[in-house]
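Just below is one structure, and these are the notes that go with it.
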Amino acid sequence: MTDLMSKIISLAKRRGFIFQSSEIYGGFSSGYDFGPLGVEMKRNLKQLWWSEMIKNHDNIVGLDAAILMNPKIWQASGHLTAGFADTLAECKECHKRFKEEEIKNNICPECGGELTKPRKFNLMMKTFVGPVEDKASATYLRAETCQGIYVNFENVLNSMRLRIPFGICQIGKAFRNEINPKNFIFRTREFEQMEMQWFCHPKETDKFFEFWKTERIKWYENLGIKKENLRAVEIPAKERAHYAKRQVDIEYHFPFGWGEIEGIHNRGDWDLSNHSKYCGKDLRYFDKETEEKYFPHIVETSAGVERSLFAFLVDSYQEVKGGRTKTTKSAKEIEILLKLDKRISPIKVVVLPLVRNKPELVKKAKEVYGLLKPYFICQYDETGSIGRRYRRADEIGVLYAVTIDFDSLKQNDLTVRNRDTMKQERIKIKELVEFLKEKIER
Ligand code: GAP
């Protein structure tokens, strides 16, 4: 593991962003839990994506479909066949499975046991619904959220009186029995997707593919990801997902190398025509103006919540050798600054009494905290020196630190420290909410 990777993992745990799932039981299947800061950051990202789709574009509506669906959906989508599987060999001794590229001389890389011939292992997670565990009650946890969108295509079209082209977007959990989960939250078995399916006329697919590819790269850049850490990779036919006629992966330069954070797919009529075939219902679209009946083609943008969050964490992580404050001479250790975009930062404001052993300062600081709480996600922190508390705030990307000092008691004002410039301004307490709203929300 790279040095930067272990630093990010350690910060994520130490400061309440991400914990290993079921840690006290030794962990579980490389799963992760999002702590108090991680959950705020995740919510911010999802909200930003949702607003981008629903508010910043025309003709996109939302959906929240069930995770457990009729298993026929996964036959129609092609996920139960070879297209959605890894080729693996299994060790006859320890029963671990390995990809071909991990194996040498047909020997288990873990225990040296003999391996079976490589065969396909499907990535769908099977489960059972109802009281009887038999074939009839078997279904799957969804492997991609978009299938819930395709099977509701007609419902949404008719209830919302939409016309092609239009989009349906959804955020939700997806599950894959990944054989080789790795790289912290990059590849896990349970994750969230933010997917938008754009239904258009077949002749317009290429145009919209380019449009959405550009839009999605812009989204990451607008939220602060450095251009040089992003790239769009055209995926050759033999490596594409089974449904994709064209696929561009948006990749981020993680500490372990380039990795996909979002896929842009031209799915053609793969999904709607297959669902039509399997469910027996004609899902073609009828254009009243041109009197044309056709299967709309689909351009999909499919982003991973955890992978995006990971990319934003890495991209905003900075180490300042010798500390950020140059006014004091004392040699300081490395200080960490998480320079997250203000819209993504989990905590917007921290309230600090200058010292904690003066009850009148603490009382005033708690009043200020109470004043800010309804408007911003904020923290109250009174332990340690003021410098130390600023550093703690920088480390988790807090945008503003407000400090209540002795003058505050006389003047009803306080200092507001800007995370990025470290400049401090004196602001009247009665003007504080408006001041911060102006800085944080506009
Ligand atoms: N509906 C299309 C689809 O699911 P995908 O490329 O398989 O396409 C889309 O997945 C995104 O979902 C990926 O770019 C990634 O961000 C996220 N993703 C996929 N598998 C993942 C996993 N095992 N762990 C975390 N995120 C994953």
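These figures come from a predicted structure and were not determined experimentally. Computed over heavy atoms, backbone and side chain alike; hydrogens, waters and symmetry mates excluded. When a residue number appears, it is its place in the shown sequence, counting from 1.
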When you check the side-chain N and O atoms of [X] and [Y], is any donor under 3.5 Å from an acceptor?
{"X": "Tyr32", "Y": "Glu306", "value": "no"}
{"X": "Asp381", "Y": "Gln379", "value": "no"}
{"X": "Asn152", "Y": "Glu154", "value": "no"}
{"X": "Asn266", "Y": "Gln247", "value": "no"}
{"X": "Glu204", "Y": "His297", "value": "no"}

> Is the distance between the ring centroids of Tyr285 and Tyr294 under 6.0 Å?
Replying inline: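 Yes, ring centres under 6.0 Å apart.
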> Ring centres of Phe256 and Phe186 under 6.0 Å apart?
Replying inline: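 Close enough - the centres of the two rings lie under 6.0 Å apart.
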> Can you tell me how far CD1 of Ile396 sits from CZ of Arg15, rounded to the nearest 0.5 angstrom?
Replying inline: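 Atom-to-atom, Arg15:CZ and Ile396:CD1 are 4.5 Å apart.
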> When rounded to the nearest 0.5 angstrom, what is the spacing between OH in Tyr150 and CG in Leu272?
Replying inline: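 Between Tyr150 OH and Leu272 CG, I get 8.0 Å after rounding to 0.5 Å.
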Can you check whether [X] reaches [Y] side chain to side chain, under 4.5 Å on heavy atoms?
{"X": "Arg189", "Y": "Met125", "answer": "yes"}
{"X": "Lys428", "Y": "Phe435", "answer": "no"}
{"X": "Lys173", "Y": "Glu190", "answer": "yes"}
{"X": "Leu338", "Y": "Glu395", "answer": "no"}
{"X": "Asn177", "Y": "Phe121", "answer": "no"}
{"X": "Tyr220", "Y": "Glu262", "answer": "yes"}
{"X": "Ile164", "Y": "Asp287", "answer": "no"}
{"X": "Thr139", "Y": "Thr127", "answer": "yes"}

> Could you go step by step and tell me if Arg324 and Glu335 meet the salt bridge (Lys or Arg N to Asp or Glu O under 4.0 Å) rule?
Replying inline: CA-CA 7 Å; Arg324 296 185 75 202; Glu335 285 179 11; 5.5 Å; no
With a 3.5 Å cut-off and sequence neighbours excluded, list the donor-acceptor pairs that the side chains of residues 399-406 form with protein atoms.
{"residue": "Thr403", "atom": "OG1", "partner": "Tyr390", "partner atom": "OH", "Å": "2.9"}
{"residue": "Asp405", "atom": "OD1", "partner": "Asp407", "partner atom": "N", "Å": "3.2"}
{"residue": "Asp405", "atom": "OD1", "partner": "Ser408", "partner atom": "N", "Å": "3.1"}
{"residue": "Asp405", "atom": "OD1", "partner": "Ser408", "partner atom": "OG", "Å": "2.9"}
{"residue": "Asp405", "atom": "OD1", "partner": "Arg426", "partner atom": "NH2", "Å": "2.8"}
{"residue": "Asp405", "atom": "OD2", "partner": "Arg426", "partner atom": "NH1", "Å": "3.0"}
{"residue": "Asp405", "atom": "OD2", "partner": "Arg426", "partner atom": "NH2", "Å": "3.4"}

> If you look only at pairs with a residue in residues 59-74, which of them pass as a side-chain hydrogen bond (donor to acceptor under 3.5 Å, both in side chains), with sequence neighbours excluded?
Replying inline: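 side-chain hydrogen bond (donor to acceptor under 3.5 Å, both in side chains) check on residues 59-74 returns no pairs.
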Identify the two heavy atoms, one from [X] and one from [Y], that lie closest to each other, and give their separation to 0.1 Å.
{"X": "Phe19", "Y": "Lys13", "value": "CE2-O, 3.5 Å"}
{"X": "Asp86", "Y": "Lys99", "value": "OD2-CE, 3.6 Å"}
{"X": "Cys146", "Y": "Gln197", "value": "CB-NE2, 3.2 Å"}
{"X": "Trp258", "Y": "Asn229", "value": "CZ3-O, 3.4 Å"}
{"X": "His57", "Y": "Glu52", "value": "ND1-O, 3.1 Å"}

Mind checking side chain to side chain donor-acceptor pair (under 3.5 Å) for [X] and listing every partner two or more places apart, or none if nothing turns up?
{"X": "Ser302", "answer": "Glu195"}
{"X": "Arg417", "answer": "Asp394"}
{"X": "Asp206", "answer": "none"}

> Can you list the residues that meet the salt bridge (Lys or Arg N to Asp or Glu O under 4.0 Å) rule with Lys437, with sequence neighbours excluded?
Replying inline: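 Residues passing salt bridge (Lys or Arg N to Asp or Glu O under 4.0 Å) with Lys437: none at all.
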> What residues form a salt bridge (Lys or Arg N to Asp or Glu O under 4.0 Å) with Glu382, not counting sequence neighbours?
Replying inline: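 Testing Glu382 for salt bridge (Lys or Arg N to Asp or Glu O under 4.0 Å), a comparison that skips the adjacent residues, returns none.
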> Sequence neighbours excluded, which residues qualify as ring pair (Phe, Tyr, Trp, His ring centres under 6.0 Å) partners of His242?
Replying inline: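 His242: ring pair (Phe, Tyr, Trp, His ring centres under 6.0 Å) contacts with His79, Trp270.
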>> Tell me every residue that passes ring pair (Phe, Tyr, Trp, His ring centres under 6.0 Å) with Phe310, counting only those two or more places apart in sequence or in another chain.
In response: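 Ring pair (Phe, Tyr, Trp, His ring centres under 6.0 Å) list for Phe310, sorted by chain: Phe184, Phe254.
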> Which residues pass the side chain to side chain contact (heavy atoms under 4.5 Å, CB included) test with Val233, sequence neighbours left out?
Replying inline: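 Per chain and number, Val233 pairs via side chain to side chain contact (heavy atoms under 4.5 Å, CB included) with Arg231, Ile235, Glu251.
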Tabulate below the donor-acceptor pairs under 3.5 Å that side-chain atoms of residues 352-375 make, not counting sequence neighbours, or state none.
{"residue": "Lys364", "atom": "NZ", "partner": "Asn412", "partner atom": "OD1", "Å": "2.6"}

> Do the rings of Phe166 and Phe153 sit parallel, tilted or perpendicular, given the 30° and 60° boundaries?
Replying inline: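 If you compare the ring of Phe166 with that of Phe153, the planes turn out parallel.
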Which atom pairs, one a donor and one an acceptor, fall under 3.5 Å between side chains of residues 340-348 and the rest of the protein, sequence neighbours left out?
{"residue": "Asp341", "atom": "OD1", "partner": "Arg343", "partner atom": "N", "Å": "2.7"}
{"residue": "Asp341", "atom": "OD1", "partner": "Arg343", "partner atom": "NE", "Å": "2.8"}
{"residue": "Asp341", "atom": "OD2", "partner": "Arg343", "partner atom": "NH2", "Å": "3.0"}
{"residue": "Lys342", "atom": "NZ", "partner": "Lys439", "partner atom": "O", "Å": "2.9"}
{"residue": "Lys342", "atom": "NZ", "partner": "Arg442", "partner atom": "O", "Å": "2.5"}
{"residue": "Arg343", "atom": "NH2", "partner": "Asn222", "partner atom": "O", "Å": "3.0"}
{"residue": "Ser345", "atom": "OG", "partner": "Gly397", "partner atom": "O", "Å": "2.8"}
{"residue": "Ser345", "atom": "OG", "partner": "Arg419", "partner atom": "NH1", "Å": "3.4"}
{"residue": "Lys348", "atom": "NZ", "partner": "Lys342", "partner atom": "O", "Å": "2.7"}
{"residue": "Lys348", "atom": "NZ", "partner": "Ser345", "partner atom": "O", "Å": "2.7"}

